[in-house]
Engineer: 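One structure follows; several queries about it will come next.
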Amino acid sequence: MSEGTIALVTGANKGIGYEIAAGLGALGWRVGVGARDGQRREAAVAKLRAAGVDAFGVPLDVTDDASVTAAVRLLAEQAGGLDVLVNNAGVTGGMPQQPGGADVATVRAAVEVNVIGVIRVTEAMLPLLRRSAAPRIVNMSSGVGSLARQSASVGEEQTGPLSVAYAPSKSMLNAVTIQYARALAGTNILINAGCPGFTATDLNGFRGVRTPQQGAAIGIRLATLPDDGPTGGFFEDAGVVPW
């Protein structure tokens, strides 16, 4: 990785995504701030630039094919390519999610962004990533997607509340990560899932116990893996997360 490295972080206008963009920018990388909301996106870009980051805005709705296609074109034309993709954009899906009273539309909303959105963006960006000397893909997941933790008596601080939308969507994202790792085996593309921990963001009503900067650390670490780094893994600050 060098100062010429180009990264795209989805959902980067706030929270963990913003801090990942800031952390990668602090390395001298050029960072695309992917976000749907134009005003928030440009405010984040301005804030990053004021801090010395070479940031640029990327209009991006991960649920829209045309938006993703336009983002690929922008990266190719304005940035010259892509080295690192951080799939950070995510939603809870809304409420209710408790088994026995869940709304199927809530489940669909979570999967549309947290799973299908990641696949849509990854598929579109792969041609650019394949041209990079050291491509990396980071899927920001969650420890609540760990089936091992969900099926063990480890406490709600690790499993999160009962959920048939958000937690299972992260389990599916982990499974998708493994499938891409299998498909990309033998290439120089490393892809991993990262858990930021229980971070205070608007996703959880700022109830988390970690700061966005702390939550961003694992994403930055996986984005900057050396060529002999792991692929197809699930990691948090403390190490490997059980599937």
Engineer: Restricting to pairs with a member in residues 43-59, which pass side chain to side chain donor-acceptor pair (under 3.5 Å), not counting sequence neighbours?
Structural biologist: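 Pairs touching residues 43-59 that pass the test: none.
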
Engineer: Same hydrophobic cluster for V241 and V86, using side-chain heavy-atom links shorter than 4.5 Å among ILVMFWY?
Structural biologist: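 Different clusters: V241 never reaches V86 through Ile, Leu, Val, Met, Phe, Trp or Tyr contacts under 4.5 Å.
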
Engineer: For the backbone of V111 and the side chain of S169, can you confirm whether one donor and one acceptor N or O come within less than 3.5 Å of each other?
Structural biologist: no

Engineer: Give a yes or no on whether the backbone of L190 and the side-chain of T231 come within a donor-acceptor separation of less than 3.5 Å.
Structural biologist: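 No, T231 side chain to L190 backbone: no donor-acceptor pair under 3.5 Å.
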
Engineer: Counting distance only, does the side-chain N/O of Q150 pair as donor-acceptor with the main-chain N or O of T159 below 3.5 Å?
Structural biologist: yes

Engineer: Do side-chain atoms of E42 reach the backbone of Q39 as a donor and acceptor pair under 3.5 angstrom?
Structural biologist: no

Engineer: Taking only residues two or more places apart in sequence, or in another chain, which ones meet D237 in a salt bridge (Lys or Arg N to Asp or Glu O under 4.0 Å)?
Structural biologist: R210

Engineer: Give a yes or no on whether the backbone of I119 and the side-chain of T122 come within a donor-acceptor separation of less than 3.5 Å.
Structural biologist: no

Engineer: Do V240 and I218 land in one hydrophobic cluster if side-chain heavy atoms of ILVMFWY residues count as linked below 4.5 Å?
Structural biologist: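 Both belong to a single hydrophobic cluster.
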
Engineer: So, taking the atom named OH in Y166 and the one named OG1 in T92, what distance separates them when rounded to the nearest 0.5 Å?
Structural biologist: 8.5 Å

Engineer: Check for a donor-acceptor pair, side chain of K14 on one end and backbone N or O of R41 on the other, with a separation under 3.5 Å.
Structural biologist: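 Looks like no, no N/O pair under 3.5 Å.
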
Engineer: Are Y18 and L48 side-chain neighbours, meaning at least one heavy-atom pair lies under 4.5 Å?
Structural biologist: yes

Engineer: I need the T224 OG1 to R136 CZ distance, nearest 0.5 Å.
Structural biologist: 9.0 Å

Engineer: Which atom names give the shortest non-hydrogen contact between M140 and G215, and what distance separates them?
Structural biologist: CE-O, 4.1 Å

Engineer: So if I apply the side chain to side chain contact (heavy atoms under 4.5 Å, CB included) rule between I191 and each of I178, L129, N139, L222, which one comes out positive?
Structural biologist: N139

Engineer: State yes or no: do V115 and Y180 share one hydrophobic cluster built from I, L, V, M, F, W and Y residues joined by side-chain heavy-atom distances below 4.5 Å, directly or via other members?
Structural biologist: yes

Engineer: Could you give me the CA-CA distance, side-chain angles and deciding distance for T5 and V84, then say whether side chain to side chain contact (heavy atoms under 4.5 Å, CB included) is met?
Structural biologist: CA-CA 8 Å; T5 301; V84 174; 4.3 Å; yes

Engineer: Could you tell me the separation between the CD atom of E236 and the OG atom of S141, rounded to the nearest 0.5 Å?
Structural biologist: 11.0 Å

Engineer: For R149, does its backbone N or O pair with a side-chain atom of S146 as donor and acceptor, under 3.5 Å?
Structural biologist: yes

Engineer: Show your reasoning for whether salt bridge (charged side-chain N to carboxylate O under 4.0 Å, His left out) applies to R30 and D83.
Structural biologist: CA-CA 10 Å; R30 191 172 188 204; D83 301 293; over 6 Å; no

Engineer: Could you go through L75 and L8, starting from their C-alpha distance and side-chain angles, then the distance that decides it, and tell me whether this counts as side chain to side chain contact (heavy atoms under 4.5 Å, CB included)?
Structural biologist: CA-CA 9 Å; L75 286 163; L8 170 66; 3.9 Å; yes

Engineer: Are more than 12 heavy atoms from other residues, nucleotides or ligands located less than 6.0 Å from atom CZ of R221?
Structural biologist: yes

Engineer: Can you name the residues that form a salt bridge (Lys or Arg N to Asp or Glu O under 4.0 Å) with D64, not counting sequence neighbours?
Structural biologist: none

Engineer: For residues 94-108, which residue pairs qualify under side chain to side chain donor-acceptor pair (under 3.5 Å), counting only residues two or more places apart or in two chains?
Structural biologist: Q97-S163

Engineer: Identify the two heavy atoms, one from A181 and one from G232, that lie closest to each other, and give their separation to 0.1 Å.
Structural biologist: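 Nearest heavy atoms, A181 then G232: CB-CA, 3.4 Å.
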
Engineer: Which atom pair, heavy atoms only, marks the closest approach of A148 to P242?
Structural biologist: CB-CB, 3.8 Å

Engineer: Please name all residues satisfying salt bridge (Lys or Arg N to Asp or Glu O under 4.0 Å) with D228, sequence neighbours left out, ordered by chain then number.
Structural biologist: none

Engineer: For residues W243 and L173: do they belong to one hydrophobic cluster (side chain heavy atoms under 4.5 Å, members Ile, Leu, Val, Met, Phe, Trp, Tyr)?
Structural biologist: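 No, no single cluster joins them.
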
Engineer: Would you call D65 and R120 a salt bridge, taking side-chain N to carboxylate O under 4.0 Å as the test?
Structural biologist: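 Result for this pair is yes, salt bridge flagged.
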
Engineer: Just by distance, do the side chain of T10 and the backbone of A89 share a donor-acceptor pair under 3.5 Å?
Structural biologist: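 A pair under 3.5 Å: yes.
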
Engineer: Can you find a heavy atom in the side chain of T63 that is under 4.5 Å from one in the side chain of I116?
Structural biologist: no

Engineer: Say you draw a straight line from OG1 of T177 to CE of M172; how long is it, rounded to the nearest 0.5 Å?
Structural biologist: 11.0 Å

Engineer: Got a second to check how far S142's OG is from N114's CG, nearest 0.5 Å?
Structural biologist: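 Between atom OG of S142 and atom CG of N114 there are 10.0 Å.
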
Engineer: Going only through I, L, V, M, F, W and Y residues with side-chain contacts under 4.5 Å, is there a path from V118 to I16?
Structural biologist: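 No.
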
Engineer: Please check: side-chain N/O of N192 versus main-chain N/O of P230, any donor-acceptor pairing under 3.5 Å?
Structural biologist: yes

Engineer: Before accepting this row, confirm whether a basic side-chain N of the pair E123/R130 lies closer than 4.0 Å to the acidic partner's carboxylate O.
Structural biologist: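 Judged by the 4.0 Å cut-off on N to carboxylate O distance, E123 and R130 do not form a salt bridge.
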
Engineer: Restricting to non-hydrogen atoms, name the atom on A79 and the atom on F56 that form the minimum distance, rounded to 0.1 Å.
Structural biologist: CB-CZ, 3.9 Å

Engineer: I need the minimum non-hydrogen distance between S171 and G145, along with the two atoms involved.
Structural biologist: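 Smallest interatomic distance, heavy atoms only, reads OG-O, 2.7 Å.
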
Engineer: Which atom pair, heavy atoms only, marks the closest approach of L128 to A76?
Structural biologist: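 Smallest heavy-atom distance, with atoms named: CD2-CB, 4.2 Å.
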
Engineer: Less than 4.5 Å apart, any side-chain heavy atom of L126 and any of I137?
Structural biologist: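 Contact flag for L126/I137 side chains = yes.
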
Engineer: Check whether N13 reaches the backbone of R40 with its side chain - one donor and one acceptor, N or O, closer than 3.5 Å.
Structural biologist: no

Engineer: Heavy atoms, side chains only, cut-off 4.5 Å: are L74 and P59 in contact?
Structural biologist: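 When only atoms from C-beta onward are counted, P59 and L74 do touch, with a gap below 4.5 Å.
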
Engineer: Just to verify, what does F235 make a ring pair (Phe, Tyr, Trp, His ring centres under 6.0 Å) with, not counting sequence neighbours?
Structural biologist: none

